[in-house]
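Following: one structure in structure tokens, then a few remarks.
Within every chain, numbering begins at 1; the chains are lettered A, B, ... in the order of the sequence lines, protein sequences first and strands thereafter.
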2 protein chains.
Amino acid sequence: MAVREGLLALLHEGPRYGYQLKTEFEAATGGVWPLNVGQVYTTLDRLERDGLVEVRGVEGETAPSQKTYAITVDGVAALGEWWEAVPSDDPPPRDELMLKVLMAIERGDDHALRVITHQRTVLLTLLQARRKERRAAGDESLAARLVTDALVARAEADLRWLDTCEEHLQRRPASATSAPTTASSTSTRKASR
Amino acid sequence: MAVREGLLALLHEGPRYGYQLKTEFEAATGGVWPLNVGQVYTTLDRLERDGLVEVRGVEGETAPSQKTYAITVDGVAALGEWWEAVPSDDPPPRDELMLKVLMAIERGDDHALRVITHQRTVLLTLLQARRKERRAAGDESLAARLVTDALVARAEADLRWLDTCEEHLQRRPASATSAPTTASSTSTRKASR
DNA sequence: CATACCATGTAAGCGGTTACATGATTTT
DNA sequence: AAAATCATGTAACCGCTTACATGGTATG
């Protein structure tokens with residue numbers, strides 16, 4: 001649910017054809033998010049099927065035929081909802097870093113601490129690289145600048161979270177290897193059979 | 001690439017069967033990320049196909065047959081890489097909030113500012129709700145606590161980023177409607193034909 | 001006895017990625 | 001003449017979600 005609405009937003013400014021949407025999408029995101037052309041066409045097919053978009057006409061009877069699409073009233077309505085919608089909650093999207101730490105805890109606190117410190121060092125170097133590139137990207141497009149800003153902010157948040165994870169693990173009563181209460185819930189059942 | 005490695009991590013602690021993996025996965029994530037049982041089986045099929053997992057045996061000749069899976073040496077290796085890997089860069093994952101703001105900018109600075117302020121207010125109330133739930137979740141599992149901590153940190157980062165977006169838009173020379181330089185790159189070509 | 005839970009799976013669909021095919025036009 | 005770009009599409013696969021089908025077991 002990201003490319004779909006992105007294309008819809010571009011079509012809201014006027015009729016476009018597939019290839020044009022690809023280039024404009026990439027331009028709007030500062031070249032940070034390349035978009036495969038094929039996906040534009042399949043996405044346009046789905047949008048047309050759902051009635052959010054319609055074929056306006058085909059210009060150029062020769063080979064590069066430029067099949068033009070336009071947004072419909074339903075499409076405008078769907079787009080309007082998208083602007084106001086806030087990225088989903090309940091359930092929160094599965095995040096790889098969180099999952100990694102949680103699974104590491106399941107394996108054992110010592111292992112979790114090792115994973116956390118390792119992730120922190122890698123993330124820190126990556127953050128510094130991004131900060132450097134942000135300083136150098138003064139002449140870049142606004143879009144590219146904003147994206148790097150967002151990535152920096154996210155990385156900082158992740159680093160802070162890793163710190164709190166470490167504190168939580170160090171403060172809690174030593175349950176050396178694994179969480180005993182949760183693990184037994186499934187294994188006891190098997191033993192009682 | 002999240003459920004797959006999660007199951008692999010659980011299997012590293014010992015042989016498990018499908019349904020067991022579902023319950024343990026949900027327990028490890030503090031019940032925050034429910035996992036459809038069907039996906040466990042399809043994922044196990046793919047893991048077996050890739051040689052990261054193998055069927056250890058089927059216990060119980062009666063109906064609930066409990067088909068047990070175990071991790072292989074290749075599986076252990078793949079898991080080892082996962083612990084050290086840092087969530088991907090280049091290209092950074094498409095994020096809905098970022099895309100939304102970038103597309104709003106494409107439509108016009110005034111529209112972008114409206115979207116930003118709206119997103120900020122919604123995010124702020126959502127953040128306060130999560131802070132409240134975090135304070136109340138003292139007796140919850142460590143996993144659930146860490147997840148809410150992470151979500152709070154992310155929300156704070158997003159809010160800060162929205163602020164910087166607003167500053168960037170307000171400071172830059174008034175290009176009222178849309179970005180003229182980027183938009184012309186594709187439209188001029190069509191006009192020149 | 002009915003309901004909930006345990007345990008296995010299949011089928012259909014979604015959005016996304018990669019790769020390939022076709023042909024014209026423009027640039028080198 | 002060769003290569004890059006424009007422009008359309010198709011095919012196969014991935015991980016994921018939802019829903020359904022099939023039974024046995026335990027609990028109310």
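Contact annotation: the side chain of A/M98 approaches that of B/L151 to within less than 4.5 Å [non-hydrogen atoms, C-beta and beyond]. At a threshold of 4.5 Å between non-hydrogen side-chain atoms, the residues B/H168 and A/D149 count as touching.
Donor-acceptor pairing under 3.5 Å is lacking for the side chains of A/E5 and A/W83. Inspection of the A/E96 and B/W82 side chains reveals an N or O donor paired with an N or O acceptor under 3.5 Å.
A straight line from OH of B/Y19 to C1' of D/dG23 spans 14 Å, rounded to a whole angstrom. In this entry the distance linking CG of A/L7 with P of C/dG15 reads 12 Å, nearest Å. Here the P atom of nucleotide C/dC5 and the CD atom of B/E26 are 13 Å apart, to the nearest Å. A straight line from CG of B/L35 to C1' of D/dT18 spans 13 Å, rounded to a whole angstrom. In this structure, the CG atom of A/N36 is 17 Å from the P atom of D/dA12, given to the nearest Å. The CG atom of B/D45 sits 16 Å away from the C1' atom of D/dC13 (whole-angstrom rounding). Here the P atom of nucleotide D/dG23 and the CD atom of B/Q66 are 19 Å apart, to the nearest Å. Protein atom CZ of A/R16 is 16 Å distant from nucleotide atom P of D/dC6, rounded to whole Å.
Residues B/C165 and A/L146 approach most closely at SG-CD2, 3.8 Å, considering heavy atoms.
A close approach under 4.0 Å does occur between a side-chain nitrogen or oxygen of B/R94 and OP1 or OP2 of C/dT17. For B/Y17, a side-chain nitrogen or oxygen approaches OP1 or OP2 of C/dA7 to under 4.0 Å. When the side-chain nitrogen and oxygen atoms of B/R49 are compared with OP1 and OP2 of D/dC14, one or more of them lie within a distance under 4.0 Å. OP1 or OP2 of C/dG9 lies within a sub-4.0 Å distance of a side-chain N or O belonging to B/K67.
In this structure, B/V3 reaches the sugar-phosphate backbone alone: every heavy-atom distance under 4.0 Å involves primed, P, OP1 or OP2 atoms, never a base.
Ranked by how close their nearest DNA chain D nucleotide is to the 5' end, B/R4 and A/Y41 are led by A/Y41.
The side chain of A/R46 approaches C/dG15 more closely than any other nucleotide in the set C/dT18, C/dT17, C/dG15.
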